[in-house]
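Scroll down for the structure; my scribbles are underneath it.
Note that ligands are numbered from 1 as they come in the structure, with each ligand's atoms numbered from 1 the same way. Excluded from the calculations below are hydrogen atoms, water molecules and symmetry mates; all remaining heavy atoms, backbone and side chain alike, are included.
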Amino acid sequence: MSIRFDITARKQAELELATENVFRRQAENLLRQIVDTIPAGISAFDTNDRLLIYNDAFKAFYPKVADLIQEGVSFGEILRTAAERGQFAEVGGRGRDIEAWLARRMREHAKPTQTLVQKLDDGRWVQILERRTADGLHVTTRADITELKVAEQTIRKQAEQDSLTGLANRTAVYNRVVRLLADKAPQGLLVVTDLDNFKAINDTLGHDAGDELLVVVGRRLAGAVRKSDMVARLGGDEFAIVIDGITSRQVAERRLARLANCVQQPVALTGRTVQPRISMGVVLMTTQSKSRRDLFREADLALYQAKAAGRGRYTFFDETMLKAAERRQSDIEELRMGLDRDELRVEFQPQVNLQTGEAVGLEALARWQRCSETVSPASFIPLAEESGLIIPLGTRVIEISLAFQASMRAKGLRPGRLAINVSAAQLKLDDFVETLANQLSRFRLRPADIEIEITETVLLDRSIHQIVRTIEKLDALGVTIALDDFGTGYASLSHLKQFKVDRLKIDRSFVADIRPEDGRGVIARTIVSLAHSLGMDVVGEGIETQFQSEALRAIGCDIGQGYLLSPPLVPDETERYLQQRATVPVVPSMRIVA
Ligand code: C2E
Ligand code: MG
Ligand code: MG
């Protein structure tokens with residue numbers, strides 16, 4: 001007897017299962033081949049975070065744990081071992097750092113999806129995309145983005161680099177200071193510095209030499225600080241230095257002395273030797289509450305102070321400077337209103353021919369009649385220059401002076417030549433000479449009736465070409481030019497030959513040196529002979545004693561001006577002075593009291 005079972009269904013099922021297994025194996029093989037062919041690193045972890053599948057590219061990212069990477073190993077173990085073996089550039093060597101880093105990385109890993117960038121110890125950058133699937137698997141891909149990162153860093157470096165010196169630029173130093181200020185307890189020093197007399201060097205030695213000097217100074221500054229500190233060029237001849245980790249003024253002072261000392265070693269430029277010097281404005285960064293903008297403003301104020309105090313030095317910022325700046329601003333406002341209210345006055349100081357005793361001219365000197373107080377030009381002219389008010393102010397001085405000159409002539413008096421002081425900003429106006437010519441003809445005066453006084457510093461202005469053009473136009477018009485306060489600035493002999501200057505005014509400090517005890521007035525004597533050899537007249541300013549007047553006359557000084565001869569006079573007094581001079585011939589050394 002035989003029992004027969006119909007096993008078709010079972011065989012069918014077995015066949016299906018075998019087929020399915022073959023297919024699955026084939027599918028798995030195929031999948032593995034695909035995964036291995038993909039250039040990106042692929043890995044998948046199961047619900048227990050154990051490695052399920054990975055490719056060679058994944059393994060190649062982490063050579064330090066290549067021995068560990070195989071199916072079944074946990075994500076945490078790969079990560080910890082790699083960190084401990086120094087696979088990641090961002091993980092510090094100390095134990096606590098590794099623990100903190102691992103904890104952070106595991107938190108990231110737990111997120112459903114995320115993208116992160118990792119830097120490896122060999123300099124490669126990896127971009128990682130992690131995603132948790134619906135059934136709880138963890139799938140990740142990794143791409144090598146090193147080239148992209150290097151390009152990005154190059155672009156960032158270029159954007160933060162000064163092209164002339166190769167130092168950091170303004171953007172970079174601003175970012176650095178912002179980062180420092182973000183610290184809970186910032187510690188550091190911000191120094192803003194400026195090369196002294198850079199304009200003069202640029203002017204006399206040329207722009208190439210100027211550029212070379214900037215490169216040398218930048219290199220010296222960078223050499224005087226640690227690699228971790230920052231030296232940046234802000235533009236022009238301005239640099240900023242950020243030194244980390246300084247809290248005490250004493251330590252700061254040592255660093256500043258070192259900076260100044262490194263910079264001021266002689267430099268050979270186009271055959272000349274220059275000794276560069278810097279002025280520095282300094283702020284200690286110790287409070288978090290300040291903004292980057294505040295900090296740079298404070299450093300600028302301190303620099304302004306350092307320069308005002310005589311350059312070649314450093315000044316620490318203190319709160320009084322802010323107050324002084326605010327006061328300056330409100331004084332400028334006052335001056336603006338004063339000009340609107342017509343509070344500007346002009347006094348006239350007589351000039352006398354020292355050889356003949358004849359009154360030859362007047363110098364117009366501005367005064368600000370602020371209520372009952374007469375403000376000296378020494379305090380308001382700098383404000384006017386700083387704020388641009390010098391233009392309307394200067395125009396008004398010229399107008400008042402010409403009107404006075406014309407009215408004296410109308411009264412039959414002989415005021416002589418009228419000297420008017422002008423600032424660089426006025427000489428830079430395109431229409432300065434045209435306007436002056438119009439004003440002269442309005443008052444029926446000749447160009448020879450006036451003289452324009454410029455100071456030596458005008459000749460060192462950045463816009464010197466414009467100024468030279470104006471001076472040439474003035475000369476062509478027939479107006480004489482006097483170089484004021486001669487000997488105090490940096491005008492060289494080449495300036496005197498280059499510019500059409502008709503007379504030199506010896507600065508009163510050199511006249512003050514002429515004293516019976518010791519002063520034979522060597523400088524005054526030298527200026528007189530220099531001027532005469534160049535065909536110029538000389539005016540001695542600030543003559544206060546008979547001795548000075550006689551000494552100047554003896555050395556051939558042409559004209560004298562000073563309290564001994566007459567102080568500056570208000571218009572009425574000037575008129576009386578001129579009347580008196582018209583009738584009584586006066587010995588030059590005699591004091592005239594109006
Ligand atoms: P500055 O052009 O060198 O004028 C001569 C200054 O010396 C005047 O000072 C005058 O009062 C003073 N002074 C005259 N004789 C003596 C003396 O015997 N002893 C002493 N110690 N001083 C004497 P002030 O009027 O205070 O003017 C100061 C400066 O302000 C002027 O120096 C000039 O550079 C500037 N300034 C005056 N008015 C104007 C102006 O209208 N425009 C411009 N841009 N600057 C002006
Ligand atoms: Mg003058
Ligand atoms: Mg002067």
Next on the checklist: Just to check, does Gly394 reach to within less than 4.0 Å of ligand 1 when the distance is taken from its heavy atoms?
Outcome noted: no
Item to check | Contact check, Lys505 vs ligand 1, heavy-atom distance below 4.0 Å | outcome: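 No, Lys505 has no heavy atoms under 4.0 Å from ligand 1.
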Next on the checklist: Determine whether the aromatic ring centres of residues Phe510 and Phe486 are separated by less than 6.0 angstrom.
Outcome noted: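 No, too far apart.
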Item to check | Opening angle between OE2 in Glu363 and OD2 in Asp484, taken at the Mg ion (ligand 2), to 10 degrees | outcome: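 Rounding to the nearest 10 degrees gives 180°.
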Checklist entry - Which bit of Arg508 gets closer than 4.0 Å to ligand 1, counting heavy atoms only: side chain, backbone, both or neither? => result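 Only the side chain of Arg508 comes within reach of ligand 1.
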Checklist entry - Short N/O distance, under 3.5 Å, between Ala366 and ligand 1? => result yes
Next on the checklist: Can you confirm, on distance only, whether ligand 1 has an N/O atom lying under 3.5 Å from any N/O atom belonging to Thr455?
Outcome noted: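 N/O-N/O distance under 3.5 Å: no.
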Next on the checklist: Does the protein come close to atom 9 (O) of ligand 1 - that is, does one of its heavy atoms sit below 4.0 Å from that atom?
Outcome noted: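 Answer no: nothing from the protein, no heavy atom, is under 4.0 Å.
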Next on the checklist: Can you check atom 32 (O) of ligand 1: any protein non-hydrogen atom closer than 4.0 Å?
Outcome noted: no
Which option out of [options] puts a heavy atom nearest to [atom]?
atom                    : options                : value
atom 41 (O) of ligand 1 : Val375, Val397, Thr545 : Val397
atom 46 (C) of ligand 1 : Ile398, Leu344, Asn421 : Asn421
atom 15 (N) of ligand 1 : Gln349, Glu385, Glu541 : Gln349

Checklist entry - So, Glu319 and Lys323, do they make that salt bridge, N to O below 4.0 Å? => result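 So Glu319 does not pair with Lys323 through a salt bridge.
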Next on the checklist: As a test of understanding, state which of Arg313, Lys199, Lys307 forms a salt bridge (Lys or Arg N to Asp or Glu O under 4.0 Å) with Asp194.
Outcome noted: Lys307
Checklist entry - Within Thr455, is some N, O or S atom less than 2.8 Å away from the Mg ion (ligand 2)? => result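 Thr455 does not place any N, O or S atom closer than 2.8 Å to the Mg ion (ligand 2).
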